[in-house]
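The block underneath contains the structure these notes are about, expressed in structure tokens.
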Amino acid sequence: MEDYQKKMEELARTLMRQILKYLATSEEEMNWVGSLGGASTALQLNSYPMCPDPHRAMGLAPHTDTSLFTILHQRTSGLQILKEGVGWVSVHPVTRALVVNIGDLLHILSNARFPCVLHRVVMKEPKQRFSVAFFYSPPVDFHLYPLALSSGQIPLYRSVSVAEYVGKKAKNLDKALSSIRI
Ligand SMILES: O=C(O)CCC(=O)C(=O)O
Ligand SMILES: [Fe+2]
């Protein structure tokens, strides 16, 4: 497990660097990743027991993750994401592939260019489900705000510390993002 967490930390840092490059973040703002050496990470093992009548079983209620992003390992079906204009779409496991779910903090940081994804777990099959979620976030005292705005682009969100945002999310799950909207 420790080894897996270390590998995920390396992967998350690489991904974060690529995302910031894609967003055309300035040199100064890029230093931000350096400071993510002290990123806050968590590994969560999820188990969804088998239910003989899957129609009566609830997996995981719809939510967005509070992280920058979450790297998910899954071997059985059940995960669904909400696709705008389409509805709930299943994300089936692919051998040797990981799923990356964008969370609220990257949504804010990227000024909604990397939108967070609403997802849930449904237990349609009479089969136990396991998943391993690696949450990648800045340190709790970190203040984040929309980065890499070109001239004329307006920030959609005000600056917020990770701790403040986590508090808002705990109080008001689905209204946290809109509560910091400018
Ligand atoms: O089990 C899953 O695939 C979803 C887990 C998840 O969304 C979470 O832990 O936040
Ligand atoms: Fe999640």
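All values below were derived from every heavy atom in this structure, side-chain atoms included, with hydrogens, water molecules and symmetry-related copies excluded. Order of appearance sets the numbers: ligands from 1, and atoms from 1 within every ligand.
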When you look for heavy atoms under 4.0 Å from ligand 1, do you find them on the side chain of [X], its backbone, both, or neither?
| X | value |
| --- | --- |
| Q74 | neither |
| D65 | side chain |
| L72 | side chain |
| F135 | side chain |

field: Contacting atoms of ligand 1, where contact means under 4.0 angstrom from a heavy atom of H119
entry: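 Atoms satisfying the 4.0 Å criterion: 7 (O).
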
field: Contact atoms of ligand 1, heavy-atom distance to H63 under 4.0 Å
entry: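 Ligand 1 atoms under the 4.0 Å threshold to H63: 6 (C), 7 (O), 8 (C), 10 (O).
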
message: For the backbone of I182 and the side chain of R158, can you confirm whether one donor and one acceptor N or O come within less than 3.5 Å of each other?
response: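 No; judged by distance alone, with no hydrogens or angles, the pair does not exist.
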
Between F135 and F69, ring centroids under 6.0 Å: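 Distance test on ring centres: not under 6.0 Å, no.
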
query: Nearest protein heavy atom to atom 9 (O) of ligand 1, by residue and atom, and its distance?
result: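 The closest one turns out to be Q44 NE2, 3.0 Å.
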
task: Could you find the nearest protein heavy atom to atom 5 (C) of ligand 1 and give me its residue, atom name and distance?
output: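 Here the closest protein heavy atom is N46 ND2, 3.4 Å.
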
- prompt: Is the closest side-chain heavy-atom distance between R13 and Y136 below 4.5 Å?
  reply: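 R13 vs Y136: side chains touch.
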
message: Check for me: within less than 2.8 Å of the Fe ion (ligand 2), which protein N/O/S atoms show up?
response: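 Per the 2.8 Å query on the Fe ion (ligand 2), atoms found are H63 NE2, D65 OD1, H119 NE2.
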
message: With a sphere of 6.0 Å drawn around CD1 of I154, does it hold more than 12 non-hydrogen atoms of other residues, nucleotides or ligands?
response: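 Not buried by this count: 12 neighbours or fewer within 6.0 Å.
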
